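Here's the structure, in structure tokens; my notes come after.
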Amino acid sequence: VQLQASGGGLVQAGGSLRLSCAASGRTFSTNAMGWFRQAPGKEREFVAVISWSGGSTYGSTYYADPVKGRFTISRDNAKNAVYLQMRSLKPEDTAVYYCAEASSWLPLDQYYYGMDYYGKGTQVTVSS
């Protein structure tokens, strides 16, 4: 699978950005798609995930505490795409943002620890 993220850039604190990620070349059934980020000198960390599989969890979302209420993850099944709307951005949101996908099913909060595939990142820089 190839995951192509886009939409990053430079924004002032308090501003907004919308990241997009398109998936292609998939040979498995997706269970979830999400976003991770990595700030300079820090390890990659979970941002948000959205369920892709059917059943009672279809469309469910889960967010990391630092972004709750500010970021919204959404998806477009027809386009095999996932989005991250980021509002009220803070300088500490500065990082490379990575789109991710999971072929394995887990409770949504367990994707906090990682997913199966990652794409190339897109840089988000928030100036103070």
Side-chain angles (χ1 to χ4, degrees):
V1 63
Q2 292 183 331
L3 302 169
Q4 183 63 54
S6 61
L10 173 63
V11 64
Q12 288 188 333
S16 299
L17 279 176
R18 185 176 186 249
L19 305 184
S20 301
C21 175
S24 61
R26 189 182 285 150
T27 60
F28 52 87
S29 296
T30 297
N31 279 289
M33 292 189 72
W35 293 92
F36 287 73
R37 67 186 182 185
Q38 186 167 17
K42 295 186 177 182
E43 293 190 356
R44 185 171 56 196
E45 65 176 7
F46 169 81
V47 175
V49 63
I50 187 166
S51 173
W52 213 270
S53 53
S56 60
T57 61
Y58 185 71
S60 297
T61 58
Y62 180 73
Y63 296 91
D65 286 344
V67 308
K68 279 182 182 176
R70 299 188 298 120
F71 291 10
T72 302
I73 188 170
S74 61
R75 72 189 191 285
D76 184 329
N77 288 24
K79 295 182 179 180
N80 283 325
V82 65
Y83 307 97
L84 187 69
Q85 178 66 54
M86 305 184 293
R87 298 182 176 88
S88 301
L89 283 162
K90 304 175 181 180
E92 51 263 43
D93 294 317
T94 294
V96 177
Y97 283 71
Y98 297 90
C99 177
E101 187 166 352
S103 58
S104 52
W105 185 91
L106 291 171
L108 279 185
D109 62 345
Q110 294 302 299
Y111 291 120
Y112 174 95
Y113 300 102
M115 301 180 85
D116 299 311
Y117 304 96
Y118 295 87
K120 293 183 179 179
T122 184
Q123 177 71 46
V124 172
T125 302
V126 184
S127 62
S128 57

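Along the sequence shown, residues are numbered consecutively beginning with 1. Small disclaimer: the values here were computed from a predicted structure and weren't measured.
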Going from [atom1] on [X] to [atom2] on [Y], what distance comes out if it is rounded to the nearest 0.5 angstrom?
X	Y	atom1	atom2	result
Leu17	Thr122	CG	OG1	9.0 Å
Ser51	Leu108	OG	CG	5.5 Å
Phe71	Ser16	CZ	OG	9.5 Å

Which heavy atom in [X] sits nearest to a heavy atom in [Y], and how many Å separate them?
X	Y	result
Thr30	Trp52	O-CB, 3.7 Å
Gly59	Arg75	CA-NH1, 3.4 Å
Tyr111	Leu106	OH-N, 3.0 Å
Asn31	Ser103	ND2-O, 2.7 Å
Leu10	Ser127	CD1-CB, 4.4 Å
Glu101	Met115	O-CB, 3.6 Å

Within-4.5 Å side-chain heavy-atom neighbours: [X] and [Y]:
X	Y	answer
Lys79	Ser20	no
Cys21	Val82	yes
Gln123	Thr94	yes
Leu3	Tyr98	no
Val49	Tyr112	no

In one Ile/Leu/Val/Met/Phe/Trp/Tyr side-chain cluster, 4.5 Å: [X], [Y]:
X	Y	result
Tyr97	Val126	yes
Tyr63	Met33	yes
Tyr83	Val96	no
Val11	Trp35	yes

Answer yes or no: does atom [atom1] of [X] have more than 12 heavy-atom neighbours from other residues, nucleotides or ligands under 6.0 Å?
X	atom1	value
Lys42	NZ	no
Gln2	CD	no
Gln85	CD	yes

Option passing side-chain contact (heavy atoms from CB on, under 4.5 Å) with Met86 (candidates Thr72, Val47, Val124): Val124
Full working for side-chain contact (heavy atoms from CB on, under 4.5 Å) between Arg37 and Val67: CA-CA 12 Å; Arg37 67 186 182 185; Val67 308; 4.0 Å; yes
Tyr62 ring center within less than 6.0 Å of Phe46 ring center: yes
Ring-ring centroid check Tyr118 Phe36, cutoff 6.0 Å: yes
Note: Lys90-Asp93 ion pair, threshold 4.0 Å (strictly below): no
